[in-house]
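It should be emphasised that the depicted structure is a prediction, and the values quoted were computed from it without experimental measurement. All ligand and atom numbering here is 1-based and tracks the order in the structure.
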Amino acid sequence: MSLTHTGTTLWHHARIASLHGNEPWGWLEDGAMLTREAHIVWCGPRSKLPAEHTHSITREVDLDGALVTPGLVDCHTHLVYGGDRAAEFEMRLQGASYAQIAQAGGGIRSSVAATRAASEATLLASATRRARSLIAEGVTTIEIKSGYGLSLENEARCLHVARTLGERLPLSVRTTYLGAHAVPPEFSGRNDDYVDAVCAWMPELHSRGLVDAVDAFCETIGFTPAQTRRVFEAARALGLPVKLHAEQLSDQGGAALAAEFGALSCDHLEHLSEAGIRAMQAAGTVAVLLPGAYYFLRETKLPPIDALRAHGVPMAIATDHNPGTSPGLSMLLMLNMACTLFRLTPEEALRGATVHGARALGLHDRGTLAAGQRADFCVWDLDHPRELAYWFGHNPCRRTIVGGLERTL
Ligand code: NIG
Ligand code: FE
């Protein structure tokens, strides 16, 4: 592994799905890329490499005709938590619904109890193992939400673990404060008081450098639109962008509310209305689709994919990794399920797992391979990018470059 940058590198003899420009896949048959430090200086057909760049090349890497894509972005995870919910999975298989289990005090609240009982070292160790699984399949940027601590110090602990992952692993981490995930037992029956607390903790967490964005679970078993609005107002007062778990189990009008606050993304969206789609389109809000949760909850109502496509709302794909509704750690499986379950095209799925995922995090410096973008890319043992959504249960990732540096685990 080269641990330091070595001037300007020419990566050549590659078949590049750059996702840049108007060609399908941004395809470059005999592609090449120049990287300097953490960024791409130039990307295009090898024959068009500008002469002024050739003298600055200090290293050449022959990629042997392999497929290259942007690094994958997992823009929605709940990676830091204690315990698991396999027993709840068995209950659901015997007929109990996710909502019934939550209303009986299980669900998110059982993970809150396990998370509070775990040491920070234990939380870091388990989250590190999970992050390594994602990394092995080419994930270079990940979002991590809090939401299993639900007190100031426990939320801070989980967000701190997320930050630590970003420092220790070759991976970009973006953190999201999801205090409004569930009402913890000490606030039982006092939901509005709990929302006050979530808002009151926000400036402290922000001042500790732990928060990049703010999320909430707007749902009958979560928080009302009015309570969600208060959380968003607190975020706006701090200049923090918002996202929302919206219309997962019912239509709460959450997407339109989030769009009013210029939300980066609305996520899940199985019950999204036409009005919600229009509001998202007008606000430039990304639709984050989560086929893992749809699959694992054995949901039957599909998100309105055709309408999102017709209105030009960008669609991202993410794992939603969490112990309750999506205990999966494979972005490639999400690409496959986005196609088989949601009928995205393989190209839409790859764009969803790269450029649109980056936009859902407010990141404009990654997700395509073009001059000025971060040098985050994957080299695959595949012939065509459509195969990323085709194979499942198999990892064809040969190597990953993060910020211009070769990544090893
Ligand atoms: O994205 N819907 C709320 N949050 C998670 C589930 C969390 C849990 O059940 O622990 C989700 O599906
Ligand atoms: Fe989620």
For [atom], what is the nearest protein heavy atom, given as residue, atom name and distance?
{"atom": "atom 9 (O) of ligand 1", "answer": "Tyr98 OH, 2.5 Å"}
{"atom": "atom 11 (C) of ligand 1", "answer": "Asp320 OD2, 3.3 Å"}
{"atom": "atom 3 (C) of ligand 1", "answer": "His181 NE2, 3.6 Å"}
{"atom": "atom 2 (N) of ligand 1", "answer": "Gln248 OE1, 2.8 Å"}
{"atom": "atom 7 (C) of ligand 1", "answer": "Tyr148 OH, 3.2 Å"}

As a test of understanding, state which of Glu29, Met33, His12 forms a side-chain contact (heavy atoms from CB on, under 4.5 Å) with Arg46.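 When Glu29, Met33, His12 are each tested with Arg46, the side-chain contact (heavy atoms from CB on, under 4.5 Å) holds only for His12.
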Answer yes when [X] and [Y] have at least one side-chain N-carboxylate O distance shorter than 4.0 Å, and no when they do not.
{"X": "Asp215", "Y": "Lys145", "value": "yes"}
{"X": "Asp30", "Y": "Arg15", "value": "no"}
{"X": "Arg157", "Y": "Glu153", "value": "no"}
{"X": "Arg398", "Y": "Asp381", "value": "yes"}

Does Tyr81 have a non-hydrogen atom less than 4.0 Å from ligand 1?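 Judged by the 4.0 Å heavy-atom criterion, Tyr81 does not count as contacting ligand 1.
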Contact with ligand 1 for Glu219, non-hydrogen, under 4.0 angstrom: no
Below 3.5 Å, N or O to N or O, backbone or side chain included: is there any such pair between Ser111 and ligand 1?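 So ligand 1 has no N or O lying under 3.5 Å from an N or O of Ser111.
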Within 45° of the six-membered ring axis of Tyr98 and under 6.0 Å from that ring's centre, is NZ or CZ of Arg298 located there?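 No.
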Quick one: does Arg168's side chain get under 4.5 Å of Leu124's, heavy atoms only?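 Yes, their side chains come closer than 4.5 Å.
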Using a distance threshold of 2.8 Å, what protein N/O/S atoms lie below it relative to the Fe ion (ligand 2)?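 You should have found His76 NE2, His78 NE2, His245 NE2, Asp320 OD1.
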Which of the atoms in ligand 1, numbered in the order shown and given with their element, are less than 4.0 Å from a heavy-atom of [X]?
{"X": "His268", "answer": "1 (O), 11 (C), 12 (O)"}
{"X": "Asn322", "answer": "5 (C), 6 (C), 7 (C), 8 (C), 9 (O), 10 (O), 11 (C), 12 (O)"}
{"X": "Thr325", "answer": "6 (C), 9 (O), 11 (C), 12 (O)"}
{"X": "His76", "answer": "1 (O)"}
{"X": "Arg85", "answer": "8 (C), 9 (O), 10 (O)"}

Can you list everything that forms a ring pair (Phe, Tyr, Trp, His ring centres under 6.0 Å) with Phe342? Sequence neighbours excluded, please.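 Partners of Phe342 under the ring pair (Phe, Tyr, Trp, His ring centres under 6.0 Å) test: Tyr294.
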Do His78 and His181 have their ring centres less than 6.0 Å from each other? yes
Heavy atoms of other groups near Arg208 CZ, more than 12 under 6.0 Å: yes
Say whether, by atom type as modelled, one donor and one acceptor occur between the side chain of Thr122 and the main chain of Ala118 under 3.5 angstrom.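 Not confirmed, Thr122 side chain does not pair with Ala118 backbone.
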Applying side chain to side chain donor-acceptor pair (under 3.5 Å), run through Ser97 and Arg92 and close with a yes or a no. CA-CA 6 Å; Ser97 75; Arg92 284 199 297 101; over 6 Å; no
